[in-house]
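First up is the structure itself, then whatever we jot down about it.
All values reported here derive from a predicted model rather than from experimental measurement. Just so it is clear: chains get the letters A, B, ... in the order the sequence lines come, proteins before strands, and each one is counted from 1. Just the heavy atoms: all of them, side chains too, but no hydrogens, waters or symmetry mates, feed the values below.
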Number of protein chains: 2
Amino acid sequence: MLNWDDLKFFLAVCRAGSVRSAAITLKVNHTTVSRRINSFELALGQRLFERTSQGYVKTKLADEIYNEASYLEERLNTVERKIIGRDDELSGDIRVTLPEILATELLMPGFAKFCHLYPEIDIEIIESVKELNLANREADVAFRIVKQPPDYLVGRKIAVLHRACYLSKKLAHKLSEPGWLEQQNWIGWTDKLRKPIGLIAKEYPRFSSKHKIANAQLQSIACKEGMGIAILPCFKADLDDELVRIPPYISEAKYDLWILSHPDMRKNNKIQSFVRFMTEYLANKNDLIEGREFTR
Amino acid sequence: MLNWDDLKFFLAVCRAGSVRSAAITLKVNHTTVSRRINSFELALGQRLFERTSQGYVKTKLADEIYNEASYLEERLNTVERKIIGRDDELSGDIRVTLPEILATELLMPGFAKFCHLYPEIDIEIIESVKELNLANREADVAFRIVKQPPDYLVGRKIAVLHRACYLSKKLAHKLSEPGWLEQQNWIGWTDKLRKPIGLIAKEYPRFSSKHKIANAQLQSIACKEGMGIAILPCFKADLDDELVRIPPYISEAKYDLWILSHPDMRKNNKIQSFVRFMTEYLANKNDLIEGREFTR
DNA sequence: TCGAAGTGTTGCATTTATGCACCACGCAAT
DNA sequence: ATTGCGTGGTGCATAAATGCAACACTTCGA
């Protein structure tokens, strides 16, 4: 069976007249060209070139095939330009994966702005904390909260997420009662993550741990309902009218936020426009993300 | 850059609706199909299929590409059938490599007969004792005098070549003079091949060695000119009116003659017809080859 | 005649593609 | 709820393709 991709090599040699010259055009080693021609001839069972010291000379059969191959090449190139050009035209879909917690107040307004700018682009949002496979286009762009992303992806760190401690606004009036706060409890996460460590453990009161809710969104809701003190990202809780920070009000830098894509998408104008836009959008949200937009 | 051969995988998956089913059609492993589709999508920067547990579902873009790809496939298949069918039609060229000594009285009549049977076939004869490369069609069929051919070629042993000792016919009348023969000399080959070994050394007189001619054709001519006794293949010398065998007239089985081709030519009707024809032709020449057509 | 520059080919090391075995998941039947 | 059968995907071993360095050959100019 013919390898259709060998047609590229055939065409290049027909035009260049030598395997070394064709190799430069094709950006491969010249021995590869020689071997690809050999295997193409074998598959066809016919000789396409005379090998001379001045290069490869086409046989009559090669002349016949060349015309057809040129036509097919033109057709294929048209298809390819149409599809890839579709990306350059800033239309079609972009698949974005992110943890749900980032979607609401933080990123969604940015997505909406981007879509307003480029009405031909559809954004599909995939909420997942799993590492979706960017290589087979399960997603094109990933927002990830990690210390260090995998080597095989490209991207940049666009923010450092801060967290602080929050209480339901319904209970805010109790903060002025002496000793009331110290009797509240954390809303726990899991058996292992019952109490905080780091700056928060050091600077905030030592509450007991109660409940187990391993989801920031649900922690937020439970907190609003008065179930305890929640440690929440600032970008989310500081914008929520039903939550208030508790004393000493400080935030802790805790998580790195990255925007990632597959290296092969570097040349994709659509994806890169999106990445650029969101990076800039988030740069303008830095005070919120780092907990500085908090007002008492 | 698109790998054009990936189009085959794309087409197969479009038609089969699943990678496993397409893999059966394409005679590859299903993971290969999956990976080839993934890399095709990556190269295009667009998704062509939704992955479901019931198989791959085409996107709208895939529907568009499918039509074009089907058309190109039909064009390519037409080209392929035309070329390979050309072989099946018993026309075009066959390149044959062989040592010169085999070409003249032994094989050439067979070639002529084959060409008469198939007037659309051209035979190119390449005289060479070198092992021409059958993989890149320097030659299609090789006649070789070897004990054991390389593993990567296919073929069969078609004869065992015999050799005997010959004298110029001009000197044949001297054979009846007592002691005359013993005073003649071998026509030597090289410094290392000055005297024969084996049956010939054992059964024939011990001549001294004179001259050095490392070519059977030239040995034959030198012998006719009276330069000495030559050891020559029977198929050649026994047909030559200017040469006579000397007593004790016996021949020695010495060389294996093989007909070889590249494994990928097994399905090539033209080549296989040629191989079959020549094998049968030589089977009918066996008495000559093994020295039994000698008449005193 | 010799050397330089072009050509193609060979052998070996490295990289990439493929196959195999296993796994995960969804769906239908029991 | 469990099992069986279909689907696609992952990790590792193996095979194939490619790149690199060296070589062989031809041609041209000094």
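- Straight-line distance from the CD atom of Glu50(B) to the P atom of dT7(D): 18 Å, rounded to whole Å.
- The distance from atom CD1 of Ile37(B) to atom C1' of dT18(C) is 15 Å, rounded to the nearest whole Å.
- For the pair Val57(B) and Phe49(B), the minimum side-chain heavy-atom distance is 4.5 Å or more.
- A donor-acceptor pair is defined here as one N or O able to donate and one able to accept, closer than 3.5 Å; such a pair exists between the side chain of Trp258(B) and the backbone of Val146(B).
- Arg95(A) and Glu41(B) are not joined by a salt bridge, as no carboxylate oxygen comes within less than 4.0 angstrom of a charged side-chain nitrogen.
- Whole-Å rounding puts the Arg35(B) CZ to dG19(C) P distance at 9 Å.
- Summarising the geometry, the separation between CG on Asn3(A) and P on dA16(D) is reported as 15 Å, rounded to the nearest angstrom.
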Atom pairs under 3.5 Å: protein N/O with N/O of nucleotides 26-30 of chain C:
from    : atom 1 : to       : atom 2 : distance (Å)
dG26(C) : O4'    : Ser53(B) : OG     : 3.4
dG26(C) : O3'    : Ser53(B) : OG     : 3.4

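- Classification of Asp5(B) and Lys8(B) as a salt-bridged pair holds, one side-chain N sitting under 4.0 Å from a carboxylate O.
- Contact check of residues 17-34 of chain A against DNA chain C (heavy atom, cut-off under 4.0 Å) returns Ser18(A), Val19(A), Arg20(A), His30(A), Thr31(A), Ser34(A).
- In terms of heavy atoms, Ser261(A) sits closest to Asp140(A) at CB-O, 3.4 Å.
- Rounded to whole Å, the distance from CG on Asp5(A) to P on dA17(D) is 13 Å.
- Aromatic ring orientation, Phe143(A) versus Phe274(A): perpendicular (interplanar angle above 60°, classes split at 30° and 60°).
- In this structure, the CZ atom of Arg36(A) is 11 Å from the P atom of dA17(C), given to the nearest Å.
- Applying the 4.0 Å criterion to OP1 and OP2 of dT7(C), one finds that Arg51(A) has every side-chain N and O outside that range.
- Look at CZ on Phe49(B): it is 12 Å from P on dG9(D), rounded to the nearest Å.
- Across the protein-nucleic acid pair, Phe9(B) atom CZ and dA17(C) atom C1' stand 10 Å apart, rounded to whole Å.
- Contact of the Lys254(B) side chain with the Leu161(B) side chain is not registered, since no non-hydrogen atoms from C-beta on lie closer than 4.5 Å.
- Put simply, the side chain of Ser21(A) does not reach to within 4.5 Å of the side chain of Tyr56(A), judged on heavy atoms.
- Note that NZ of Lys60(B) is 13.0 Å distant from CD1 of Ile65(B), once rounded to the nearest 0.5 Å.
- Dashed line: the shortest gap from a side-chain N or O of Tyr56(B) to OP1 or OP2 of dG9(D) is under 4.0 Å.
- At least one side-chain heavy atom of Leu107(A) sits less than 4.5 Å from a side-chain heavy atom of Met278(A).
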(Q) Could you write out DNA chain D as dot-bracket? Rules: Watson-Crick or G-U wobble, both distances under 3.5 Å, brackets [ ] for crossings, | for pairs with another strand, dot for unpaired. (A) ||||||||||||||||||||||||||||||
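- Ring planes of Phe10(A) and Phe40(A): tilted class, angle from 30 to 60°.
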